[in-house]
Each structure stands twice: as structure tokens, then as C-alpha cells.
Number of protein chains: 2
Amino acid sequence: MGTKGEGNRQRIVDAADSLFYRRGYNQTSFQDISDATGIPRGNFYYYFKTKDEILEAVVSSRITDLSTMLARCESEAEGARERLLLFTDMLEVNRDDVIKSGCPIGTLSSELAKDESTLQEKSRQAFILLRHWLKDQFSALGLENADDLSVDLLAKMQGVTVMACAFKDVDYIKRSHIEIKDWINSKTLN
Amino acid sequence: MGTKGEGNRQRIVDAADSLFYRRGYNQTSFQDISDATGIPRGNFYYYFKTKDEILEAVVSSRITDLSTMLARCESEAEGARERLLLFTDMLEVNRDDVIKSGCPIGTLSSELAKDESTLQEKSRQAFILLRHWLKDQFSALGLENADDLSVDLLAKMQGVTVMACAFKDVDYIKRSHIEIKDWINSKTLN
DNA sequence: GTCTATATGTAGATAGAC
DNA sequence: GTCTATCTACATATAGAC
């Protein structure tokens with residue numbers, strides 16, 4: 001209920017978001033988040049009961065950010081095809097981060113798949129959001145296999161990020177981005 | 001030089017290989033490897049100075065295994081196109097592991113990208129081996145952009161594994177495998 | 001070569017003063 | 001609400017007996 005406390009809570013989530021992305025969830029300690037925020041370790045337990053709860057808040061925050069990004073794609077582009085093309089731009093917009101740390105959603109999903117717990121389900125929610133939005137765009141263009149196309153597009157972008165990150169290759173991202181846009185056009189034009 | 005020691009060394013590498021794949025490198029402890037092999041923790045330091053050295057040995061072991069797999073592709077298929085198609089079969093051959101833990105090479109590369117150390121370079125060696133072999137196959141078919149096609153194929157397979165693992169979807173692997181083989185044929189036939 | 005005991009650091013989590 | 005001190009567990013790594 002406190003106003004000051006909610007501000008601190010958000011600062012913890014923001015710092016954890018960045019650290020989970022750059023170092024991984026398991027490799028990020030409370031001390032790391034404390035160093036990044038200036039908030040003492042012990043204080044975290046006033047806002048979150050466990051580290052898992054911080055992860056849940058981070059995933060929720062990422063989903064909110066993604067929703068904002070998708071809304072911007074809708075407002076800045078007229079048709080569904082143009083929105084899909086705009087969506088793929090995030091490959092190049094975030095290319096430096098992609099080269100260094102991969103995709104925030106993809107790498108988190110891969111990391112959490114290795115824990116036997118139910119953590120991966122949480123990270124999957126972000127993929128589901130994208131999958132549904134992309135499917136809606138393909139559906140709006142009258143394509144019957146819209147869900148398959150949606151997952152295919154996500155797989156293309158995930159594959160590019162994994163290889164670009166593995167080989168630290170910026171040019172490869174640019175080339176692949178063009179190929180992906182060509183693929184979208186080939187599926188949605190005519 | 002001891003013969004018994006080398007046997008134990010290999011048992012450590014084999015157990016670490018499996019654990020690094022299923023739980024991740026950072027999430028695998030010496031105790032885990034000890035439990036899997038029956039070899040006491042302290043004994044590991046007779047064979048490896050650090051945990052990083054175990055990882056190096058695991059990557060070397062994986063590269064050896066991959067080389068064997070590629071040699072089998074060459075012996076079991078006549079032409080380069082058939083060898084490429086046979087290579088992609090590993091998607092379905094290992095589909096249960098892929099669903100559970102992703103790709104051993106891709107997930108290790110993604111995990112090590114998050115450490116600021118030089119560990120990722122080691123894991124990249126496995127990707128380089130595949131990249132060169134695939135390039136040789138495309139080159140043998142007279143294709144000029146053989147290296148690009150090689151990375152494109154690796155990206156396709158990485159993308160499929162990431163999505164299949166995220167959504168735990170076996171059918172998606174089967175469908176994508178067919179699409180990948182169609183893509184290879186479209187590039188190499190005529 | 002093999003194993004036990006242990007050193008040293010740090011992880012997540014808790015208790016309780018203020 | 002905020003912070004310090006601390007608990008317990010477990011990590012990598014080392015020392016040294018056998």
C-alpha cells in the first residue's frame with residue numbers, strides 16, 4: 001500500500017530484468033540486484049517471498065513491455081502485413097544486445113527448461129503473447145494456417161538470434177532480417 | 001599415463017556431458033557429477049584443475065561425437081544432398097531430448113554467452129565444425145553461397161529446437177523437419 | 001591414484017532492531 | 001518500511017593421509 005515501497009519494488013524488478021537477461025536467472029544473485037539498486041538484500045523479502053517471485057514479476061514486466069511494443073506496431077503501421085514487417089525490426093533495433101546476450105525470451109526459456117521446476121511455464125507466457133498477436137496478423141490477411149505461420153516466424157527469429165549470438169555476427173542479422181521480411185512478403189502478398 | 005585413471009576421467013566427462021545438457025553448466029555441481037559416477041568430489045582435481053577444464057573436455061567430447069555422426073552421414077548417404085537430409089534427421093532422432101532440454105550445442109552457447117568469460121568461445125567450436133561440414137556439402141553441389149546456406153540451415157534447426165522446447169510440442173518438430181527438408185531440396189535440386 | 005576432511009566463499013532466506 | 005546481522009546450505013577448491 002505504501003507509495004515509496006512500490007517505487008522500490010519496481011526498481012528491484014527493473015534491475016533484475018536487466019541482470020536476468022545479461023547474466024541469466026540462476027547466475028544472478030540477490031547481491032547483484034542489491035549492488036545495482038542500492039537496496040539491501042534483506043529488504044527484498046519485504047516485496048517478494050522468494051527469488052522465483054522476482055522472476056514472476058520480471059516476466060510480467062516483460063509481457064507488459066511486449067504489449068506496449070505490439071501496440072506501437074499496430075499504431076505505426078496500417079495493415080497486418082506492415083505490422084508483421086515492423087515487428088521483425090526488433091531484430092536490428094536490439095542487435096547489440098542480441099549479439100551479446102541473445103533473445104531475452106528465448107534464452108530465459110532455454111535456461112528454465114533445465115530446471116525441473118515449473119519455472120519454464122512462466123517464461124512461456126511471453127512466447128504465447130507473441131504467438132497470438134502474430135497469428136492475429138496472419139489471420140487478418142486471410143491465411144488459414146495463421147498459427148503455424150506465427151510459430152514459423154518466431155522460430156526464424158529465434159534461430160537467427162541464437163546463431164548471431166554464437167558467432168557474434170552483426171552482418172548476419174542484417175542479411176537474415178531481409179530474408180525474413182522477404183518470407184513474410186511471399187506469404188502475405190498476392 | 002595410468003590406464004585406470006583415464007577410464008575414470010572418461011566417466012567424469014560422460015556424466016558431466018549429460019548433466020551439463022540436462023541441467024546446464026552453471027547448475028551442475030561437482031556433487032552432481034560425483035553422485036552420477038560414484039567418484040568422490042575431491043578426486044576430480046586429479047584429472048581437471050578447474051570446472052572450466054571439465055567443460056573443455058566435455059566440448060571436445062561433443063565435437064568427437066559430432067564428427068562420428070557426420071562421418072556416418074557421409075558413409076550412409078551417397079550424394080551431398082542426401083547427406084544434408086540425413087543430417088537434419090537428428091531433429092527427430094533426438095526429439096524427446098530436444099523437447100526436454102533443447103539443443104546441447106545451442107543451449108550451451110546461449111548459457112555461456114551470459115558469462116563474461118571466454119567460455120563461449122569453447123562452445124562455439126562445435127558450431128564451427130557443423131558450419132564447415134554443411135558448407136562443404138552445399139559447395140559439393142556447386143552452390144556459391146554455401147557458407148550462408150550452411151548458417152541458414154543451422155539457424156532453422158536452432159529456431160525449431162527453441163520453439164519445440166518452449167512449447168513442448170513434438171508434432172511441431174515433425175512438421176518443421178519436413179519443411180526443412182523441402183527447403184534443402186528447393187536449394188539443391190535442379 | 002584414490003579418498004576423506006576441510007578451507008573459503010557465497011548463495012537464498014530469516015530474525016528482529018529501529 | 002528499512003536495514004543489519006545472521007542462519008543454513010552448498011558451491012569450488014585444497015591438503016594431505018593412505
Side-chain angles (χ1 to χ4, degrees), chain A residues 1-59 108 111-112 114-120 122-123, chain B residues 1-59 108 111-112 114-119 122:
Chain A
M1 285 294 176
T3 50
K4 186 88 169 299
E6 288 310 304
N8 275 349
R9 192 194 133 99
Q10 193 58 43
R11 285 171 59 212
I12 293 170
V13 172
D14 289 343
D17 190 353
S18 173
L19 286 163
F20 289 175
Y21 176 38
R22 289 179 289 134
R23 302 188 192 179
Y25 171 69
N26 288 303
Q27 287 302 105
T28 298
S29 69
F30 282 60
Q31 186 62 51
D32 293 331
I33 305 173
S34 174
D35 292 343
T37 57
I39 299 169
R41 282 186 305 288
N43 204 339
F44 295 172
Y45 292 91
Y46 176 74
Y47 303 101
F48 309 95
K49 277 197 287 290
T50 63
K51 192 184 179 187
D52 287 6
E53 281 194 11
I54 299 182
L55 178 68
E56 275 188 87
V58 166
V59 171
L108 182 64
E111 179 181 3
L112 298 180
K114 312 260 178 183
D115 299 307
E116 51 250 32
S117 70
T118 60
L119 286 173
Q120 196 190 15
K122 299 178 180 100
S123 75
Chain B
M1 284 296 173
T3 52
K4 187 85 170 300
E6 289 309 303
N8 275 349
R9 192 193 133 100
Q10 192 58 42
R11 284 171 58 211
I12 293 170
V13 171
D14 289 343
D17 189 354
S18 174
L19 286 163
F20 290 174
Y21 176 39
R22 289 179 289 135
R23 302 188 190 177
Y25 172 68
N26 288 303
Q27 288 301 106
T28 297
S29 69
F30 281 59
Q31 185 63 52
D32 292 331
I33 305 173
S34 173
D35 291 343
T37 57
I39 299 170
R41 282 186 305 287
N43 204 339
F44 296 172
Y45 292 89
Y46 176 75
Y47 303 102
F48 309 96
K49 275 196 288 291
T50 64
K51 194 184 178 187
D52 287 8
E53 281 194 11
I54 298 181
L55 178 67
E56 275 188 88
V58 166
V59 171
L108 182 64
E111 179 181 4
L112 298 181
K114 313 260 177 183
D115 300 307
E116 52 250 30
S117 70
T118 60
L119 285 172
K122 298 177 180 102

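Every heavy atom of this structure was used, including side-chain atoms; hydrogens, water molecules and symmetry mates were not. This structure is a prediction, so every number in the text was calculated from the model and none was measured.
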I'd like to know if the side chain of B/Thr28 and the backbone of B/Leu19 have a donor-acceptor N/O pair within less than 3.5 Å.
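Yes, B/Thr28 side chain to B/Leu19 backbone: donor-acceptor pair under 3.5 Å.
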Donor-acceptor contact below 3.5 Å, side chain B/Glu111 vs main chain B/Asn26
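Side chain of B/Glu111 to backbone of B/Asn26, a donor-acceptor pair under 3.5 Å: yes, one is there.
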Can you tell me the distance, in whole Å, between the [atom1] atom of [X] and the [atom2] atom of [N]?
X       : N      : atom1 : atom2 : result
A/Glu53 : C/dG12 : CD    : C1'   : 14 Å
A/Leu19 : C/dG12 : CG    : P     : 12 Å
B/Phe44 : D/dT14 : CZ    : P     : 15 Å
A/Tyr46 : C/dT14 : OH    : P     : 17 Å
B/Phe48 : C/dG1  : CZ    : P     : 14 Å
B/Tyr25 : D/dA11 : OH    : P     : 14 Å

Any side-chain N or O of B/Asn43 under 4.0 Å from OP1/OP2 of C/dG1?
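For B/Asn43, the contact criterion (side-chain N or O under 4.0 Å from OP1 or OP2 of C/dG1) is not met.
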According to a strict under-4.0 Å criterion, is B/Asn8 in side-chain N/O contact with OP1 or OP2 of C/dG1?
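Indeed not, no polar side-chain atom of B/Asn8 lies that close.
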Measure the shortest side-chain to side-chain distance between B/Asn8 and B/Arg11 over non-hydrogen atoms and say whether it is less than 4.5 angstrom.
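Yes. Closest side-chain heavy atoms under 4.5 Å.
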Return the set of residues passing side chain to side chain donor-acceptor pair (under 3.5 Å) with [X] (not counting sequence neighbours), or none when no residue passes.
X       : answer
B/Ser18 : B/Arg22
A/Asn43 : none
A/Asp17 : A/Arg62
A/Tyr21 : none

Taking the six-membered ring for Trp, are the ring centroids of A/Phe30 and A/Phe48 within less than 6.0 Å of each other?
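When the ring centroids of A/Phe30 and A/Phe48 are compared, they turn out to be at least 6.0 Å apart.
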Output the single nucleotide from D/dT12, C/dT2, C/dT14 whose closest atom is nearest the side chain of A/Tyr45.
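Nearest to the side-chain atoms of A/Tyr45, counting from C-beta on, is C/dT14.
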Contacts of A/Tyr25 that satisfy ring pair (Phe, Tyr, Trp, His ring centres under 6.0 Å) - sequence neighbours left out
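Per chain and number, A/Tyr25 pairs via ring pair (Phe, Tyr, Trp, His ring centres under 6.0 Å) with A/Phe20.
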When you measure from every atom of DNA chain D, which of residues 26-35 of chain B have a heavy atom less than 4.0 Å away?
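Residues of residues 26-35 of chain B that come under 4.0 Å of DNA chain D are, in numerical order, B/Thr28, B/Ser29, B/Phe30, B/Gln31.
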Pair listing, salt bridge (charged side-chain N to carboxylate O under 4.0 Å, His left out) test, anchored in residues 30-44 of chain A, at least two apart
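Counting only pairs at least two positions apart or across chains, the salt bridge (charged side-chain N to carboxylate O under 4.0 Å, His left out) contacts touching residues 30-44 of chain A are A/Arg23-A/Asp32.
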Identify the two heavy atoms, one from B/Ser34 and one from B/Pro40, that lie closest to each other, and give their separation to 0.1 Å.
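Distance-wise, the nearest heavy atoms are OG-CA, 3.8 Å.
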Give me, pair by pair, the N or O atoms of the protein and of nucleotides 16-18 of chain C that are less than 3.5 Å apart, along with how far apart they are.
none

Just the atom pairs and distances: protein N or O near nucleotides 6-8 of chain C's N or O, under 3.5 Å.
none

